[in-house]
Amino acid sequence: DKTLIQLNGKSFLEHAVEFWESVPEIEGIYLSAGTREHLEKLKQDESAGRIIEEGRVVPVFDRYEGCGPMAGILAGFEAGDADLLYVGAIDIVGINKSLLIKADDPEADAYIYEYGDFTEPLFGIYSRRLVPVMEELLENGIYKIKQLIKAGNTKYLHLRDDQKELFLNGNTPDELEKLKNKKITPN
């Protein structure tokens, strides 16, 4: 869980909330907490607790616990009535507004960035039409989100060479160090 990792004096959660609050088209921010126990753990952190208590995020809980990001996306759809959800993993803190996706294809079920063999399914847009697909995959023990984007009509957006580094997510100490040396801004 990287939610509370500190980067340049702010947690990954703070970076994510500040970014999504800066996007006028976003009507609300869901925090996929997984379980109520995990939410209580997050509330113990001063900054995260303040963000949650101020209502800057709406916590959502997985019906399919322990099944990964797809369960969190499903929880977001179950919590509201939006036809489209913008998904942004908590640990992708280098994202800026230049990467925001415009949902301009009424036939698309998802919009995902790709670069060569690399795809980033945890920063994109998902359609409510995928809810039955998510439920079927999760009920059959298939948790990989790449299976979801293969099952739908996914529109792939190509990253330029200079954009790939914006998706660093701190999975390794080397990536965390690179992130520390970057200026993180929502613009």
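Numbers here are sequence positions counted from 1. Keep in mind that the numbers below use all heavy atoms, side chains included, and drop hydrogens, waters and symmetry copies.
Here the side chain of His38 pairs a donor or acceptor atom with the backbone of Ala33 at under 3.5 angstrom. Judged by distance alone, with hydrogens and angles left aside, the side-chain atoms of Asp83 form no donor-acceptor pair with the main-chain N or O of Arg128 at under 3.5 Å. In this structure, the side chain of Thr119 does not engage the main chain of Pro121 through any donor-acceptor pair within 3.5 Å. In terms of modelled atom types and a separation under 3.5 Å, the side chain of Thr154 and the main chain of Ala110 share no donor-acceptor contact. Looking at Asn140, its side chain never comes within 3.5 Å of a backbone N or O of Ile142 through a donor-acceptor pair.
In this structure the side chain of Leu84 never reaches within 4.5 angstrom of the side chain of Phe77, judged on heavy atoms. At least one side-chain heavy atom of Leu99 sits less than 4.5 Å from a side-chain heavy atom of Gln163. Looking at Leu157 and Tyr113, their side chains come closer than 4.5 Å, going by heavy atoms from C-beta outward. Two residues are said to be in side-chain contact when any heavy atoms from C-beta on lie closer than 4.5 Å; Lys102 and Tyr111 fail this criterion. Taking the side chain as every heavy atom from C-beta outward, Tyr143 and Leu138 approach each other to under 4.5 Å. Side-chain atoms of Ile73 and Ile145, non-hydrogen and from C-beta on, do get closer than 4.5 Å to each other. Using a 4.5 Å cut-off on side-chain heavy atoms (C-beta onward), Val131 and Met134 make contact.
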Throw together a table of side-chain donor-acceptor distances under 3.5 angstrom for residues 57-72, partners on residues two or more places apart or in other chains.
from  : atom 1 : to     : atom 2 : distance (Å)
Arg63 : NE     : Glu78  : OE2    : 2.9
Arg63 : NH2    : Glu78  : OE2    : 2.3
Arg63 : NH2    : Glu135 : OE2    : 2.7
Tyr64 : OH     : Glu139 : OE2    : 2.7

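Residues forming a side chain to side chain donor-acceptor pair (under 3.5 Å) with Glu21 (at least two apart in sequence, or on another chain): Arg56.
Between Arg160 and Asp162, at least one side-chain nitrogen of the basic residue sits less than 4.0 Å from a carboxylate oxygen of the acidic one, meeting the salt-bridge criterion. With respect to Arg50 and Glu53, no salt bridge is recorded, no charged nitrogen being found less than 4.0 Å from a carboxylate O. Between Asp109 and Lys155 there is no salt bridge, since no side-chain N of the basic residue sits under 4.0 Å from a carboxylate O of the acidic one. In this structure, Glu18 pairs ionically with Lys10, as a charged nitrogen and a carboxylate oxygen lie closer than 4.0 Å.
Residues Ile95 and Ile29 share a hydrophobic cluster, clusters being chains of Ile/Leu/Val/Met/Phe/Trp/Tyr side chains in contact below 4.5 Å. Both Leu122 and Leu74 are part of a single hydrophobic cluster, where members link through side-chain heavy atoms under 4.5 Å apart. Grouping the Ile, Leu, Val, Met, Phe, Trp and Tyr side chains by contacts below 4.5 angstrom, directly or via other members, places Ile51 with Phe19. Hydrophobic clustering of Ile, Leu, Val, Met, Phe, Trp and Tyr side chains at less than 4.5 Å, counting indirect connections, keeps Ile101 apart from Val87. A single hydrophobic cluster is seen to contain both Phe123 and Leu13, as judged by linkage of ILVMFWY side chains at heavy-atom distances under 4.5 Å, directly or through other members.
Smallest separation of non-hydrogen atoms from Pro132 and Arg129: CD-O, 3.4 Å. Nearest heavy-atom pair, Ile52 versus Lys43, reported as atom, atom and distance to 0.1 Å: CG2-CE, 3.8 Å.
With no hydrogens or angles considered, a side-chain donor-acceptor pair links Asp161 and Tyr115 at under 3.5 Å. Side chains of Glu14 and Ser47: a donor-acceptor N/O pair is present below 3.5 angstrom, by distance only.
Interatomic distance, Lys2 NZ to Leu4 CG, rounded to the nearest 0.5 Å: 13.0 Å. Distance check: Ile92 CD1 to His15 NE2 gives 14.0 Å after rounding to the nearest 0.5 Å. Atom CD1 in Ile125 sits 9.0 Å away from atom CD1 in Ile112 (nearest 0.5 Å). Between atom CZ of residue Phe12 and atom CD1 of residue Ile90 there is a gap of 9.0 Å, rounded to the nearest 0.5 Å.
Counted within 6.0 Å of CD on Glu40, heavy atoms from surrounding residues, nucleotides or ligands total more than 12; the atom is thus considered enclosed. Counting non-hydrogen atoms of other residues, nucleotides and ligands closer than 6.0 Å to CD of Glu54 gives a total above 12. Counting heavy atoms of neighbouring residues, nucleotides and ligands inside a 6.0 Å radius, atom NZ of Lys41 does not exceed 12 of them.
The ring of Tyr126 has its center no closer than 6.0 angstrom to the ring center of Tyr86.
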